[in-house]
Number of protein chains: 2
Amino acid sequence: MPRCRRQRPREGEAHRCCPLRGRVRGFVRPWLLLLLLQHPSHGYELLERFGQDERMPGIDPGLLYRTLRHLEDEGLVRSSWDAGPRGPARRLYQVTDEGIAYLHAWAEEIQATKERLEHFLQAYRHHFDRGEGNE
Amino acid sequence: MPRCRRQRPREGEAHRCCPLRGRVRGFVRPWLLLLLLQHPSHGYELLERFGQDERMPGIDPGLLYRTLRHLEDEGLVRSSWDAGPRGPARRLYQVTDEGIAYLHAWAEEIQATKERLEHFLQAYRHHFDRGEGNE
DNA sequence: GGTATTATATGACAAAGTCATATAAGGTGA
DNA sequence: TCACCTTATATGACTTTGTCATATAATACC
């Protein structure tokens with residue numbers, strides 16, 4: 001795999017290859033909504049729920065908490081402080097009606113994206129299946 | 001659909017809703033490599049090829065030209081000036097061996113992403129199929 | 001009291017995408 | 001010749017998404 005040549009490594013450090021390269025992005029928001037719809041959670045728990053299933057995208061804590069805040073700013077989720085059975089209080093999120101409408105729109109978009117990925121894979125396989133024997 | 005509340009509209013203009021919202025991104029580079037592999041093109045032609053098929057993601061000219069340059073910086077494509085039959089000279093791109101290796105890696109990643117999207121859609125449908133009758 | 005765990009959060013930055021606009025060569029017609 | 005259109009490449013300012021490192025604070029446990 002080629003390394004990124006644009007990003008200069010920091011002083012005294014090995015070159016750190018761009019981790020984004022090779023990953024389709026923009027998929028965290030609908031997952032958060034769906035997980036919260038399955039049952040209301042706080043950030044830390046969502047972090048664990050994301051980590052448990054490898055079929056879900058990995059997530060960075062900073063991104064998770066910031067995304068939750070954004071979703072709340074936009075009225076897609078609502079939060080309330082909850083003094084759990086132990087540990088510090090946590091912010092419990094749940095999806096609003098607007099959030100559900102948003103999720104439906106997202107699901108359609110994801111369906112379309114899935115079809116585009118399928119089209120790509122089909123074109124990709126077609127190219128290399130045909131080319132294999134001739135080159 | 002909810003509107004973005006973070007982005008302020010410009011003076012005298014209607015609020016312009018975030019077009020990114022609701023779209024899975026990060027998919028332009030492999031498409032460029034595959035299109036160029038099908039046959040070498042210059043930027044303007046790629047722009048048209050992207051526009052012709054709705055199963056491909058839309059692309060902005062600025063992003064296209066910049067992405068081509070990045071791919072070249074990274075050694076994934078090579079370019080040469082080509083004085084076409086008419087109009088100004090254009091930069092003709094073709095994929096390198098490194099670019100092909102990169103595309104193969106991308107294809108695996110896209111396969112995995114497609115499966116993650118399927119998993120999302122499945123969980124989404126499962127949630128709403130079950131919930132529909134009860135609410 | 002000191003340390004680990006639980007929990008939320010911010011700052012600096014990289015990467016991808018959007019929108020507007022600049023620049024320039026070449027073709028065409030008045 | 002000049003104005004204007006098409007073809008073609010490119011840059012600047014900005015937003016959004018994601019990464020990595022780190023800060024902060026309450027609670028639990030020894």
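Here is the naming used below: chain letters follow the sequence lines, and residue numbers restart at 1 for every chain. Being a predicted model, the structure only gives us computed values, none of them experimental.
For Arg86(A), the side-chain atoms get nearest to dA28(D) when compared with the rest of dA28(D), dC19(C), dA7(C). The side chain of Arg91(B) sits closest to dA10(D) out of dA10(D), dT19(D), dA7(C). Distance from the side chain of Tyr44(A) is smallest to dT8(C) among dT18(C), dT8(C), dA10(D). Distance from the side chain of Pro88(A) is smallest to dA26(D) among dG18(D), dA26(D), dA9(C). Counting only heavy atoms from C-beta on, Trp81(B) has its side chain closest to dA10(D) among dT19(D), dA10(D), dG17(C).
Legend: salt bridge (Lys or Arg N to Asp or Glu O under 4.0 Å) pairs involving residues 75-90 of chain A, not counting sequence neighbours, sorted by first then second residue: Asp82(A)-Arg90(A).
Within the nucleic acid shown, Arg66(B) comes within 4.0 Å of at least one base atom, counting heavy atoms only.
In this structure, Glu72(A) contributes its side chain and Ser79(A) its backbone to a donor-acceptor pair below 3.5 Å. A donor-acceptor contact shorter than 3.5 Å links the side chain of Thr96(A) to the backbone of Gly75(A).
Distance, Phe27(B) CZ to dG18(D) C1': 19 Å, rounded to whole Å. Taking atom CZ of residue Phe50(A) and atom P of nucleotide dA7(C), one finds them 17 Å apart after rounding to whole Å. Computed from coordinates, the Leu46(B) CG to dA10(D) C1' distance equals 15 Å when rounded to whole Å. Atom CG of Leu68(A) is separated from atom P of dA9(C) by 9 Å (rounded to the nearest Å). Atom CH2 of Trp31(A) and atom C1' of dT17(D) are 19 Å apart (whole Å). Straight-line distance from the CG atom of Asp60(B) to the C1' atom of dG12(D): 13 Å, rounded to whole Å. Note: CG (Leu47(B)) to C1' (dT18(C)) measures 14 Å, nearest angstrom. What separates CH2 of Trp106(A) from C1' of dT16(D) is a distance of 11 Å, to the nearest Å.
Glu118(A) is linked by a salt bridge (Lys or Arg N to Asp or Glu O under 4.0 Å) to Lys114(A), counting only residues two or more places apart in sequence or in another chain.
Using modelled atom types and a 3.5 Å distance limit, the side chains of Arg49(A) and Ser41(A) yield a donor-acceptor pair.
In terms of phosphate contacts, Tyr65(A) brings no side-chain nitrogen or oxygen within less than 4.0 Å of OP1 or OP2 of dA9(C).
Between Leu63(A) and Gly87(B), it is Gly87(B) whose nearest contact on DNA chain D lies nearer the 5' terminus.
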